[in-house]
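Following: one structure in structure tokens, then a few remarks.
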Amino acid sequence: MTSSRPPARRARAGATAEDDDAPTGPIRVERDRAGGFSDVQRQRGRQADKPTGRRRRADPPAPSGHGHGHGHGGGDLEGVSGRRVRWVLAALLAPCALAVLVGLVVLAPSPGEYAQVAAGAATGQGAPGLGSQTPVDAEVVRAAGESDCTDPNLPSPGPGEGCVAVTLRLGEGPAAGSTIVSLAPATPGSPRFAVGDPVVLGWAGGDPADPLTYTIVDFQRGPPLLVLGGAFALAVLLLGRWQGLAALVALGVTLGVLALFVLPALATGSSPVPVALTASGLIVGVVLPLTHGVSARTATAALGTLASLGLIGVLAVLFAATSRLTGLGEEASELAGVLGPGLDLRGLLLAGVIIGALGVLDDVTVTQTSAVWELHRADPATRLADLYGAAMRVGRDHVASAVNTLVLAYAGAALPLLLLFALAGRGLGDLLTAEDVAQEVVRTLVGSIGLVASVPLTTVLAAVVVRAVRSSSTESRGEPA
């Protein structure tokens, strides 16, 4: 149908869609830039489908903030909803932050207390002290053939049963620059020395010129490890640039938390599980914002991480008790001999489970939250159920790979032990239920359950949050939510 009179023109430049002429004129309906329809276009949508004899210039999109849609509601309402959701996130994270602060105050030892424990461990209290020998750098000048362990001038009674006379030049200490001869075992599992090898000696004190006061302890590995660390930092900076730099700073923060809080607190007798949970909360609260910025996205990932860590802690305590794990091992037994019988070895095992799971858990939650945000950015009109389903398809692939990563990581660490059990002819049931292997089984399965639970938990939380905080104005400016 064609109108009998031409359409009225605009009264002034810059008039909005509401100022157009009467509805008798021809109208062409177009979507605005956000993919929705303006209020006037919705009201006159039916007339747009009617045939007209003449066409006129389409109405300009309604300006932002005047009620135009964003696929799921008005921008003003979204702004109010976004502010409310941010307040809810802050209210949920505030008790966690308070608990971390209380844990730091209660569990962290004073410097004097930790120094006293460290001094006792160094000198030995009922057990050989860790610091009973002073490390001294040296270099191998000559490594002779096998000889008797009591005298380097006597022949060995048999291959692999004697010692190797190693001539060493001391690089530091009271006798720096002098040369000594030290005996090293020549058994199949002992290291082999070549001319020029940098080694570390343990000096027991006494006459610095007496070779019997020195023992070969280890190789020097500082320079190659520094080169490797530099290559790692360079690779992160080249790929991540400023975010890579923030990630390196966050790594330093993590190492600082372990060195300045976790180790002193455990050494002075604090309960290991609360120490691990406090340290994990501190790492999440500092590292995630430092690496990914302060935003609703980061807060959502932090909530998913902390909730999953709580589940991992509960499961670890439950199954360590029901499976009667003691936490005893070669290193743990040596540590108990140094620090005394008051050390909670099972708690130390549980703390290791929590801290170890955090390294993979924050990767899963951050990636899952980012997937939800990007899916919503690509299609803001997606329904909540569809957004959740699409993100879960990403999460299933990720968690499957992460679980396999955990299993391979723990299997690789325990490979010599697994090989020893296999050569002993013990069955699979005996192998999996032995103390040393059962610790790794509990560690792997508890961590994997936490990872699996973190995916749907973080996904649904992120889907709800992103639909509330991504208002139309934020979307048009491309600002992070």
Side-chain angles (χ1 to χ4, degrees), residues 89-122 125 130 249-290 294 298-299 301-321 325-327 331-332 335-336 338-359 361-362 365 442-443 446-447 450 454:
L89 291 174
L92 292 174
L93 289 173
C96 300
L98 181 60
V100 169
L101 292 177
V102 172
L104 289 175
V105 172
V106 174
L107 300 174
S110 64
E113 183 181 5
Y114 178 57
Q116 182 179 1
V117 173
Q125 295 176 345
L130 296 177
V249 175
L251 176 61
V253 171
T254 299
L255 296 177
V257 171
L258 295 176
L260 301 179
F261 171 68
V262 174
L263 298 182
L266 294 177
T268 53
S270 297
S271 181
V273 173
V275 168
L277 291 175
T278 301
S280 299
L282 181 60
I283 291 172
V284 170
V286 175
V287 169
L288 289 187
L290 183 61
V294 179
T298 304
L303 277 177
T305 303
L306 293 175
S308 303
L309 272 180
L311 175 62
I312 289 174
V314 171
L315 292 177
V317 171
L318 176 62
F319 285 97
L325 294 180
T326 62
E331 295 85 359
L335 184 61
V338 173
L339 295 179
L343 182 64
D344 184 4
L345 295 180
R346 179 186 289 178
L348 199 61
L349 169 66
L350 299 177
V353 172
I354 295 172
I355 294 177
L358 176 62
L361 189 61
D362 63 354
T365 55
V442 171
R443 194 192 311 269
V446 166
S454 70

T326/L345 under side chain to side chain contact (heavy atoms under 4.5 Å, CB included): CA gap, chis, key distance, verdict: CA-CA 7 Å; T326 62; L345 295 180; over 6 Å; no
Close side-chain approach of T298 to V294, heavy-atom, < 4.5 Å: no
For R443 against L349, the heavy-atom pair lying closest together: NH2-CD1, 3.4 Å
Sub-4.5 Å side-chain heavy-atom contact between T305 and S454: no
Student check: side-chain heavy atoms of L325 and V442 closer than 4.5 Å: yes
Inter-residue atom distance D344.CG - S270.OG, 0.5 Å rounding: 11.5 Å
Atom of A357, atom of G447 and distance for their closest heavy-atom approach: CB-CA, 4.4 Å
Worked verdict on L361 versus L309 for side chain to side chain contact (heavy atoms under 4.5 Å, CB included): CA-CA 8 Å; L361 189 61; L309 272 180; 3.8 Å; yes
Under the side chain to side chain contact (heavy atoms under 4.5 Å, CB included) test, residues paired with L315 that sit two or more places apart: L311, F319, V446, I449
Sole residue of I283, L282, L288 in side chain to side chain contact (heavy atoms under 4.5 Å, CB included) with V286: L282
Minimal non-hydrogen separation, A316 against L350, with atom names: O-CD2, 3.2 Å
Shortest non-hydrogen contact from V284 toward A302: CG1-CB, 3.8 Å
S280 side, atom OG; L306 side, atom CG - distance, nearest 0.5 Å: 8.5 Å
Minimum heavy-atom distance between F261 and V275, given as atom pair plus value: CE2-O, 3.7 Å
Least distance between heavy atoms, G347 atom then P272 atom: O-CB, 3.1 Å
